[in-house]
Novice: 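Before we start, here is the structure in question, set down as structure tokens.
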Amino acid sequence: MPERPRVRFAPSPTGNLHVGNARTALFNWLFARHYGGAFVVRIEDTDRARTFERFEKGILEDLRWLGIIWDEGPESGGEFGPYHQFERIDIYNRYLKKLVEEDRVYPCYCTEDELEAERKTLLSMRMMPRYMGKCRNLTDEERRRFESEGRSPASRFKVPKGVVEFNDLIRGPMKFDCDSIGDFIIVRSNDIPAYNFAVVVDDHLMKITHVIRGEDHLSNTPLQLLLYQALGFDPPLFAHHSLILGKDRSKLSKRHGAVSVKDFRDRGVLPEALLNYLSLLGGSFAGTKEICSVGEIIEEFSLERAGKSGAIFDEAKLEWLNKAYIRNYSTPKLSELLFPFIEDAGYNCDIIDRKWLHSVIEAIRDNLGTFSEIGDYIDVFFDERCEISEDAAQTLKKEYAGAVVKSLHDALISEECAEDDLYRCVMDIVSSKTGLKGKKLFMPVRAAITGKTWGPELDKLFAILGRESILKRVKKTVATVYGS
RNA sequence: GGUCCCAUCGUCUAGGGGUUAGGACGCUGGCCUCUCACGCCAGUAGCGGGGGUUCAAUUCCCCCUGGGACUACCA
């Protein structure tokens with residue numbers, strides 16, 4: 001391990017930050033933090049048609065939200081900038097020139113249609129589609145002719161014969177035969193460098209020591225290694241981690257539902273829960289502990305513990321973790337995070353008494369898997385939002401329910417019970433009057449008061465609602481369900 | 001089709017030549033005066049198949065099967 005390893009996360013701003021990419025960023029960041037190295041973010045914005053600034057902003061925002069802070073990169077700068085590839089075009093051109101001079105590169109005049117046709121032919125012959133080198137040995141005369149036709153060439157790298165070998169830090173020894181690699185484009189006909197070329201130049205110039213990325217880049221590695229060789233650069237070490245999969249075991253993508261960090265953030269998943277979950281996927285910590293603080297995760301992180309096989313993204317487990325993290329928040333802090341979600345559910349937090357709202361949140365906080373569920377739990381505390389659900393109506397129509405509701409009503413009216421002992425006192429009365437207990441006793445009470453068959457604990461409900469509100473609700477229920 | 005990668009409960013995983021194959025999520029049951037959630041207890045379920053190597057293979061090797069990634073002038 002070098003003194004100070006340098007790793008990078010290099011997203012292209014063509015969409016929101018995907019959880020798979022977030023995991024790659026996380027692994028790099030954990031690696032840097034674990035070994036006391038540097039974590040750099042580089043924006044790969046060479047695909048001009050698909051690059052949008054809002055995506056870059058979003059990605060950076062999501063990284064910060066997760067607590068993945070970069071030592072060098074956009075906005076914060078650093079010694080090895082610029083950190084946007086599009087601002088580094090001159091640099092790539094310098095190295096292209098070098099490769100041209102050394103005859104490692106040649107101009108290719110093929111159009112995309114021609115290349116597509118070649119691919120199809122090869123495929124129909126059951127051969128691997130790859131560039132067969134049509135422009136590799138063009139005469140000057142032929143080149144001039146293409147130029148005069150107005151064709152602007154792309155630059156292709158001359159792939160040498162031989163094999164490329166490297167030792168993947170996660171997967172072990174890797175070996176690729178150059179015969180299966182066609183001459184590939186390193187600078188496109190619009191003079192913008194292609195991915196494999198830009199990455200190699202940047203990683204070298206930015207002194208990256210370890211490239212940690214998804215398995216989907218494994219087959220790019222031999223191409224990049226060839227470029228390192230041609231450029232005379234020392235290559236970094238490579239580590240290719242497994243991918244996050246959807247339920248059907250294919251690479252997680254939009255058709256699987258929520259896949260971006262933003263999706264989970266909007267749903268009310270805590271950043272520490274998502275980060276913890278992502279670090280759990282495709283690996284494990286030394287102990288049996290699964291809920292770990294960032295510090296512990298950094299401490300435990302190691303590439304050796306990274307699994308080689310893909311891992312299905314399990315939202316149920318994420319939610320379980322989220323619940324655990326929610327429990328660790330104090331109610332005031334939790335409330336602050338919850339307010340936007342309460343507003344989304346159609347409430348105006350400004351006109352609701354803070355203290356009362358806190359007690360409501362206190363009553364339901366343990367039920368929440370994600371913040372966006374808050375609307376389903378909070379409505380029972382607002383008289384005007386209480387409707388009798390189908391389930392509740394059925395419960396109330398059971399033969400024993402009528403008596404329960406009646407004695408509940410009577411107990412509330414009698415003023416026999418003190419306000420501060422309402423729940424216990426009323427339930428004792430109802431229980432002794434009806435002779436019922438357990439589910440048959442409590443379900444009609446719950447249904448009569450909340451209109452639902454599930455929700456926060458009844459004692460908390462009584463304490464927050466108070467006699468007046470409860471009585472009003474019971475009367476309403478009696479009127480609508482029993483019609484008297 | 002080609003190249004490459006991978007393979008332990010439904011899911012995430014631990015383990016590793018001799019184990020009652022361990023944990024977590026989920027699910028089921030029980031307890032906590034109802035449900036849900038929390039907490040606790042219990043239960044459910046797994047080494048893809050075939051050959052080797054070996055006294056012994058889930059573990060090591062090979063083949064098959066299955067799954068996946070890549071196969072762009074995207075990254």
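As a basis for the values below, the full set of heavy atoms in this structure was taken, side chains included, without hydrogen atoms, waters or symmetry mates. The chains referred to below are lettered A, B, ... by the order of the sequence lines, with proteins before strands, and numbering in each begins at 1.
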Novice: Please report the distance separating the P of B:C63 from the corresponding atom of B:G10, rounded so that it comes out in whole Å.
Specialist: 27 Å
Novice: What parts of residues 109-117 of chain A reach RNA chain B, counting only heavy atoms under 4.0 Å away?
Specialist: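 A:C110, A:E112, A:L115, in order of number.
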Novice: Which nucleotide, if any, forms a Watson-Crick or G-U wobble pair with B:C70, using both distances under 3.5 Å?
Specialist: B:G2
Novice: For A:K262, is the NZ atom crowded, meaning more than 12 foreign heavy atoms sit under 6.0 Å from it?
Specialist: no
Novice: If I take atom CD1 in residue A:I291 and atom C1' in nucleotide B:U13, what distance separates them, rounded to the nearest angstrom?
Specialist: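 So the two atoms are 15 Å apart, to the nearest Å.
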Novice: Please classify the nucleic acid contact of A:Y277 as base, sugar-phosphate, or nothing, using heavy-atom distances under 4.0 Å.
Specialist: nothing
Novice: What I'd like to find out is whether the side chain of A:V201 reaches to under 4.5 Å of the side chain of A:I91, using heavy atoms alone.
Specialist: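 In short, these two side chains touch, coming nearer than 4.5 Å.
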Novice: Determine the Euclidean distance between corresponding C1' atoms of B:G46 and B:G52; express it in Å to zero decimal places.
Specialist: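 25 Å, rounded to whole Å.
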Novice: If you measure from the Lys or Arg side-chain nitrogens to the Asp or Glu carboxylate oxygens, is any gap between A:R255 and A:D248 under 4.0 Å?
Specialist: yes
Novice: When the distance from CG of A:D314 to P of B:C9 is rounded to whole Å, what number comes out?
Specialist: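 Between P of B:C9 and CG of A:D314: 15 Å.
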Novice: What is the distance, to the nearest angstrom, from the CZ atom on A:R48 to the C1' atom on B:A75?
Specialist: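 Value for this atom pair: 14 Å.
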Novice: Between A:D366 and A:K323, does any side-chain N to carboxylate O distance fall below 4.0 Å?
Specialist: no
Novice: By nearest nucleotide on RNA chain B, pick out whichever of A:L318 and A:R23 is the more 5' one.
Specialist: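 Going by which nucleotide is closer to the 5' end, it is A:R23.
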Novice: Would A:H217 and A:N220 satisfy side chain to side chain donor-acceptor pair (under 3.5 Å), going step by step from the backbone distance to the final call?
Specialist: CA-CA 5 Å; A:H217 282 289; A:N220 279 324; 3.2 Å; yes
Novice: With a 3.5 Å limit on both atom pairs, tell me what B:U54 is paired to, counting Watson-Crick and G-U wobble, or say none.
Specialist: none
Novice: Can you tell me how far P of B:A75 sits from CZ of A:F55, to the nearest Å?
Specialist: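 Taking CZ of A:F55 and P of B:A75, I get 16 Å after rounding.
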Novice: Let me have a per-nucleotide readout for nucleotides 31-38 of chain B, 5' to 3', with B, S or -, counting only protein heavy atoms under 4.0 Å.
Specialist: --BBBBBS
Novice: For a ring-ring contact (aromatic ring centres under 6.0 Å, His included) with A:Y377, tell me which candidate from A:F382, A:F341, A:W454 qualifies.
Specialist: A:W454
Novice: Please classify the nucleic acid contact of A:E290 as base, sugar-phosphate, or nothing, using heavy-atom distances under 4.0 Å.
Specialist: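 Base, at least one base heavy atom under 4.0 Å.
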Novice: Measuring centre to centre across the rings, with the benzene-like ring taken for any Trp, is A:F301 within less than 6.0 Å of A:W29?
Specialist: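 No.
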Novice: Quickly work out the A:F313 CZ to B:U13 P distance and round it to whole Å.
Specialist: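 Answer to the nearest Å: 13 Å.
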Novice: Which one, B:A75, B:U11, B:C6, comes nearest to the side chain of A:I312?
Specialist: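 Of all the options, the side chain of A:I312 is nearest to B:U11.
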Novice: Report yes if the side chains of A:E114 and A:T111 come closer than 4.5 Å at any heavy-atom pair, otherwise no.
Specialist: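 Yes. Closest side-chain heavy atoms under 4.5 Å.
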Novice: Nearest nucleotide by nearest heavy atom, which residue falls closer to the 5' end of RNA chain B, A:G307 or A:T14?
Specialist: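 It is A:G307, whose closest nucleotide lies nearer the 5' terminus.
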Novice: Between A:R50 and A:D47, is there a salt bridge with N-O shorter than 4.0 Å?
Specialist: yes
Novice: Identify whether the distance between the nearest side-chain nitrogen and carboxylate oxygen of A:E53 and A:K57 falls below 4.0 Å.
Specialist: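 Salt bridge present between A:E53 and A:K57.
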Novice: Report, as a single string ordered 5' to 3', how protein heavy atoms within less than 4.0 Å touch nucleotides 65-71 of chain B: B base, S sugar-phosphate only, - not at all.
Specialist: --SSSSS
Novice: Is it true that A:F27 and A:H210 have ring centroids separated by less than 6.0 Å?
Specialist: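 No, they do not, as the ring centres are separated by 6.0 Å or more.
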Novice: Just the rounded figure in Å: distance from C1' of B:A24 to CD of A:E300.
Specialist: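 In whole Å, B:A24 C1' and A:E300 CD are 15 Å from each other.
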Novice: May I ask you to say whether A:D202 pairs ionically with A:R8, meaning some side-chain N is under 4.0 Å from a carboxylate O?
Specialist: no
Novice: Report the distance from atom CG of A:D202 to atom P of B:A75, rounded to the nearest whole Å.
Specialist: 12 Å
Novice: Which base, if any, makes a Watson-Crick or G-U wobble pair with B:C31, both distances under 3.5 Å?
Specialist: B:G39
Novice: Are A:F157 and A:Y228 an aromatic pair, judged by ring center distance below 6.0 Å?
Specialist: no
Novice: Starting from P on B:U3, measure out to CG on A:L226 and report it in whole angstrom.
Specialist: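 Taking CG of A:L226 and P of B:U3, I get 18 Å after rounding.
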Novice: Just name whichever nucleotide pairs with B:G16, Watson-Crick or G-U, keeping both distances under 3.5 Å, else none.
Specialist: none
Novice: Rounded to whole angstrom, note down the P distance from B:A7 over to B:U11.
Specialist: 14 Å
Novice: Could you tell me how far B:G15 sits from B:A21 if I compare only their C1' atoms? Round to whole Å.
Specialist: 8 Å
Novice: Remember a base hit wins even if backbone is also touched, and classify A:T46 as base, sugar-phosphate or nothing at under 4.0 Å, heavy atoms.
Specialist: sugar-phosphate
Novice: Which whole number of Å gives the distance between the C1' atom of B:G23 and that of B:C6?
Specialist: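 Each nucleotide's C1' atom is 23 Å from the other's.
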Novice: Within the supplied structure, the quantity of interest is the number of heavy atoms (other residues, nucleotides, ligands) at a distance under 6.0 Å from A:E299 CD; does it exceed 12?
Specialist: no
Novice: Write down the distance separating the C1' atoms in B:G1 and B:A45, rounded off to the nearest Å.
Specialist: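 Per the computed distance, 39 Å lies between those C1' atoms.
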Novice: If I pick the P atom on B:U44 and the same atom on B:G22, what distance separates them, to the nearest angstrom?
Specialist: 11 Å
Novice: Just name whichever nucleotide pairs with B:U11, Watson-Crick or G-U, keeping both distances under 3.5 Å, else none.
Specialist: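 Here B:U11 is engaged in a pair, and the nucleotide opposite it is B:A24.
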Novice: When you compare B:C12 with B:A72, how far apart are their P atoms, in angstrom units rounded to a whole number?
Specialist: 30 Å
